[in-house]
Amino acid sequence: MSSIILCVTEGEKTEVKVLERLQAEFLDKPIEIICFGTNIYQLYRKVKDEDIEFLITYEILQEISQERKGKRDDVLSQYSQIEIAEIFLFFDYDGHDNLSDKYPECIESMLDIFNNETENGKLYISYPMVEAFKHPVIKDEIYDISQGSKYKNYVSKICPEQLNKFINQPLNKRDWSNYFIEHMKAINFLVRNDFSYPSDYLYINKSFTQVGIYENQITKYIKPKNHILVLTPFALFLIEYLGETLFEEWAQLASTT
């Protein structure tokens with residue numbers, strides 16, 4: 001039996017390239033990537049009326065692939081459901097999309113449905129969108145949700161040139177780690193109001209959940225200000241997947257930079 005990691009992405013380029021680079025630098029397992037090709041609110045429309053007890057993500061993905069391409073996705077053609085050990089979904093918050101007003105319950109519901117990588121899959125959210133991984137993080141990097149459609153262009157102008165060129169000039173593990181450490185500090189700031197690298201791995205497992213991050217975004221930024229704290233989910237994805245070894249490696253790196 002295989003132990004394939006299946007990653008479902010919103011976009012067909014940036015997310016795919018980031019995951020490919022992270023697989024090369026951090027992960028020791030093969031990953032397969034399926035592009036959904038549209039946003040989380042469209043995916044929510046697909047699953048919102050499903051009985052969660054009987055929801056089968058593999059079948060949902062097959063259906064989406066059939067609708068988009070007129071055939072099964074090439075990745076899904078290679079593997080049976082039993083061969084896929086874990087499913088991770090990477091989507092943008094996209095609060096500026098018109099459907100976010102129509103489905104205000106979307107993110108909360110989707111995080112509830114997709115909360116376990118070995119069951120329905122585990123959802124990770126980029127705030128405001130995938131390009132957040134490029135955003136220079138100093139402390140509380142806030143962005144106006146209503147300007148979401150302009151974010152990609154905005155961040156390309158303020159980010160390190162190294163990140164703009166990451167597709168053609170790949171970053172190494174240390175480069176990625178240095179950028180992601182700053183996002184771990186930002187999560188700590190969001191949850192604990194402390195902009196520093198977290199000191200307790202067990203606390204991360206308990207409090208740095210996707211639901212907890214979203215709830216803090218809602219109460220501290222989205223509802224009172226219609227803003228979000230800029231965050232990439234890739235840092236926490238790696239920590240959760242690789243565990244305490246990577247956490248301590250980053251802690252050591254954070255202490256020397």
Side-chain angles (χ1 to χ4, degrees), residues 9-11 14-15 18 39-44 89-115 122-160 163 179-200 203-240 254:
T9 66
E10 174 173 330
T14 303
E15 295 96 320
V18 170
N39 64 35
I40 193 169
Y41 302 100
Q42 296 289 354
L43 180 57
Y44 177 64
L89 303 94
F90 297 91
F91 280 79
D92 299 346
Y93 171 64
D94 276 342
H96 62 284
D97 191 281
N98 291 335
L99 287 176
S100 68
D101 292 329
K102 183 175 182 179
Y103 301 115
E105 75 286 0
C106 169
I107 304 295
E108 183 178 359
S109 296
M110 292 292 276
L111 289 171
D112 182 55
I113 294 169
F114 298 104
N115 64 3
K122 183 161 186 178
L123 172 63
Y124 287 88
I125 301 290
S126 292
Y127 299 92
M129 56 184 60
V130 65
E131 286 78 13
F133 80 91
K134 297 181 179 182
H135 201 120
V137 176
I138 298 173
K139 187 177 179 181
D140 51 344
E141 297 298 326
I142 310 302
Y143 194 77
D144 185 340
I145 291 171
S146 68
Q147 300 300 305
S149 62
K150 301 177 182 178
Y151 180 74
K152 186 184 298 187
N153 184 56
Y154 167 74
V155 79
S156 71
K157 294 177 180 179
I158 65 168
C159 76
L163 286 173
Y179 289 123
F180 287 158
I181 283 168
E182 299 307 304
H183 282 270
M184 290 299 294
K185 292 178 182 178
I187 297 173
N188 202 35
F189 176 78
L190 177 66
V191 176
R192 304 178 68 183
N193 202 34
D194 178 12
F195 188 78
S196 65
Y197 187 78
S199 59
D200 188 343
Y203 183 85
I204 283 182
N205 281 340
K206 180 181 178 182
S207 301
F208 285 20
T209 64
Q210 290 300 298
V211 170
I213 289 170
Y214 178 64
E215 288 176 345
N216 275 280
Q217 291 274 25
I218 284 286
T219 57
K220 296 177 181 179
Y221 297 102
I222 296 174
K223 283 190 174 179
K225 304 174 183 178
N226 199 41
H227 285 56
I228 48 88
L229 182 72
V230 175
L231 286 177
T232 182
F234 295 116
L236 195 55
F237 162 68
L238 289 172
I239 289 289
E240 290 181 339

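Computed from a predicted structure; not experimentally measured.
Side chains of Lys157 and Asn153 form a contact here, defined as non-hydrogen atoms less than 4.5 Å apart. Side-chain contact check for Glu215 versus Val211: some heavy-atom pair is nearer than 4.5 Å.
Taken to the nearest 0.5 Å, the CG atom of Asp97 stands 11.0 Å off from the NZ atom of Lys102. The structure places CG of Asn188 at 9.5 Å from OG of Ser207, a figure rounded to the nearest 0.5 Å. Between Gln210 atom CD and Tyr124 atom OH the span is 6.0 Å, to the nearest 0.5 Å. Note that OG of Ser126 is 11.0 Å distant from CZ of Phe91, once rounded to the nearest 0.5 Å. Taken to the nearest 0.5 Å, the CD1 atom of Ile158 stands 6.5 Å off from the CD atom of Glu141. The CZ atom of Phe195 sits 11.0 Å away from atom CD1 of Ile187, with the distance rounded to the nearest 0.5 Å.
Residues that satisfy the side-chain hydrogen bond (donor to acceptor under 3.5 Å, both in side chains) test with Gln217, not counting sequence neighbours, are absent from this structure. For Tyr151, the side-chain hydrogen bond (donor to acceptor under 3.5 Å, both in side chains) partners two or more places apart in sequence, or in a different chain, are His135. When the side-chain hydrogen bond (donor to acceptor under 3.5 Å, both in side chains) test is applied to Gln147, the partners found at least two apart in sequence or on another chain are Lys150. With sequence neighbours excluded, the residues satisfying salt bridge (Lys or Arg N to Asp or Glu O under 4.0 Å) with Glu240 are Lys122.
Judged purely by atom type and a 3.5 angstrom limit, Asp92 has no side-chain atom pairing as donor or acceptor with the backbone of Asp94. Using modelled atom types, one side-chain atom of Glu15 and one backbone atom of Gly11 make a donor-acceptor pair closer than 3.5 Å. A donor-acceptor pair under 3.5 Å links the side-chain atoms of Asn39 to the main chain of Gln42, judged by distance alone.
The number of heavy atoms from other shown groups lying within 6.0 Å of CG (Asp200) is above 12.
Annotation for Lys152 and Met129: closest pair N-SD, 4.2 Å, computed over non-hydrogen atoms. Residues Lys134 and Cys159 approach most closely at O-CB, 3.0 Å, considering heavy atoms. Of all heavy-atom pairs spanning Leu229 and Tyr127, the tightest one is O-CB, 3.6 Å.
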- Check step by step if side chain to side chain contact (heavy atoms under 4.5 Å, CB included) holds for Asn98 and Tyr41. CA-CA 9 Å; Asn98 291 335; Tyr41 302 100; over 6 Å; no

- Verify side chain to side chain contact (heavy atoms under 4.5 Å, CB included) between Ile204 and Leu236, making sure each step is shown before the conclusion. CA-CA 9 Å; Ile204 283 182; Leu236 195 55; 4.1 Å; yes

- Item | Residue pair Val191, Tyr203: steps toward the side chain to side chain contact (heavy atoms under 4.5 Å, CB included) verdict | CA-CA 11 Å; Val191 176; Tyr203 183 85; 3.8 Å; yes

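A side-chain contact (heavy atoms from CB on, under 4.5 Å) with Ile213 is found for one member of Leu231, Ile125, Ile218, Leu111 and no other, namely Leu231. Here the rule is ring-ring contact (aromatic ring centres under 6.0 Å, His included) with Phe237, and of Phe180, Phe90, Phe208 only Phe90 fits it.
Defined by atom type and a distance below 3.5 Å, a donor-acceptor pair is present between the side-chain atoms of Tyr44 and Glu105.
Applying the side chain to side chain donor-acceptor pair (under 3.5 Å) test to every pair with at least one member in residues 219-230, sequence neighbours left out, gives these pairs: Asn216-Lys220. Among residues at least two apart or in separate chains, salt bridge (Lys or Arg N to Asp or Glu O under 4.0 Å) pairs with a member in residues 179-195 are Glu182-Lys185.
Between Tyr154 and Tyr143, the ring-plane angle classifies as tilted under the 30° and 60° cut-offs.
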